[in-house]
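For reference, the structure discussed in these notes is given below.
This chain uses plain numbering: 1 for the first residue, then up along the sequence. All values derive from a computational prediction rather than experimental measurement.
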Amino acid sequence: MAADLAVGQRLRALRQARGLSLKAVAVSTGLSIGYLSQVERGLSSPSLRALTQVADLLGVGIGALFGGPDGAAADGIVTRAGERAALTLWRAGITKQLLTQGDGRLSLFLMQLAPAAGTGDEALVHDGEEAGLVMEGALVLTVEETTAELGPGDSFRFASRRPHRYRNPSPDRIAVVLWVNAVPQARE
């Protein structure tokens, strides 16, 4: 898929810019060299967990892995509806549209979860902080040992280092969530 190739190319560029080998990334993330190579070449669709691990290692937010369309506003202030970069995690049933531009520390996403879609049983853990607002449908959010079902108008906030996962509990309705990720300033 074109989206997988774009994400893979962005991962490779960020890894190389930091002078890291595939082996170094594999050792640090616990992902295999073969898998990372396939992701970078667009031959394998990465999981959300894998993306967060690699982004964390590279010192960027997951928003930095999105490729924006050509012609996006040069000032990085306004993102027009037709200029949103998107990432489809088709295996997980999650689509994220990046509502902000650039590789900054704050990323705002419009996320859609297909019926029964989610991050899976294994918790995500990465640098930063997260917050969100459920706009449509329902979201089951688990942070450490706390699980809550949220509906339209409900919001959340937590440190991303706390193990977390989420899913759409509905078998027939999508969930739409406005999701914010903030990552700490890159370590020098």
Side-chain angles (χ1 to χ4, degrees), residues 1-4 6-11 14 39 45-56 58-69 72-73 76-120 123-143 148 150-170 173-186:
M1 294 179 68
D4 289 340
V7 169
Q9 289 172 341
R10 184 72 175 135
L11 280 173
L14 289 166
V39 168
S45 183
S47 67
L48 185 57
R49 181 176 172 272
L51 285 177
T52 57
Q53 284 180 292
V54 175
D56 202 29
L58 296 174
V60 298
I62 198 166
L65 306 181
F66 286 63
I77 296 170
V78 175
T79 302
R80 303 285 179 198
E83 297 174 349
R84 293 178 186 159
L87 179 63
T88 300
L89 302 162
W90 57 270
R91 289 184 187 187
I94 299 171
T95 299
K96 288 185 162 194
Q97 289 184 30
L98 183 60
L99 304 178
T100 51
Q101 295 182 33
D103 295 342
R105 296 188 322 243
L106 180 69
S107 296
L108 178 63
F109 300 97
L110 183 61
M111 186 167 63
Q112 292 187 345
L113 289 90
T119 56
L124 304 171
V125 176
H126 52 94
D127 282 343
E129 200 169 353
E130 303 185 40
L133 170 70
V134 177
M135 298 174 65
E136 296 176 31
L139 180 76
V140 173
L141 175 65
T142 300
V143 179
L150 295 89
D154 293 337
S155 58
F156 59 87
R157 178 177 176 253
F158 59 91
S160 303
R161 277 277 159 218
R162 296 173 70 186
H164 59 281
R165 61 184 185 274
Y166 51 88
R167 65 182 174 84
N168 176 357
S170 175
R173 291 190 57 205
I174 67 165
V176 179
V177 182
L178 187 62
W179 200 290
V180 179
N181 284 101
V183 294
Q185 190 163 357

Can you tell me how far the CZ atom of Arg10 sits from the CG atom of Leu58, to the nearest 0.5 Å? 9.5 Å
Let me confirm one number: the CZ-OG1 distance from Arg165 to Thr142, rounded to the nearest 0.5 Å. 4.5 Å
Do you know which two heavy atoms are closest between Val7 and Pro46, and how far apart they sit? CG1-CG, 4.5 Å
Could you tell me whether the side chain of Leu110 reaches within less than 4.5 Å of the side chain of Val176, counting heavy atoms only? yes
NE2 (His164) and OG1 (Thr52) are apart, to the nearest 0.5 Å, by 7.0 Å
Is the shortest heavy-atom distance from the side chain of Tyr166 to the side chain of Val177 under 4.5 Å? no
Mark yes or no for whether His126, through its side chain, and Gln53, through its backbone, hold a donor-acceptor pair below 3.5 Å. no
Indicate yes or no: at least one non-hydrogen side-chain atom of Arg49 is less than 4.5 angstrom from one of Thr119. no
Side-chain (Asn168) to main-chain (Arg173) donor-acceptor, under 3.5 angstrom: yes
Any side-chain heavy-atom pair from Val54 and Leu14 closer than 4.5 angstrom? no
Do Val180 and Phe109 have side chains that approach each other closer than 4.5 Å (heavy atoms only, starting at C-beta)? no
I'd like to know if the side chain of Thr100 reaches the main chain of Leu108, judged simply by a donor and an acceptor atom lying under 3.5 Å from each other, with no hydrogens or angles considered. yes
Sidechain N-carboxylate O distance under 4.0 Å for Arg161, Asp56: yes
Nearest-0.5 Å distance, CD1 of residue Ile174 to CD of residue Glu136: 5.5 Å
Identify the two heavy atoms, one from Val125 and one from Pro163, that lie closest to each other, and give their separation to 0.1 Å. CG2-CA, 3.6 Å
Side-chain heavy-atom pair Val143, Phe156 within 4.5 angstrom cut-off: no
Hey, are Glu130 and Ser160 close enough side-chain-wise for a donor-acceptor pair under 3.5 Å? yes
Asn181 side chain to Ser107 main-chain N or O, any donor-acceptor pair under 3.5 Å? no
Validation row: Leu99, Leu178 side chains within 4.5 angstrom (heavy atoms): yes
Which atom pair, heavy atoms only, marks the closest approach of Ala175 to Ala138? CB-O, 3.2 Å
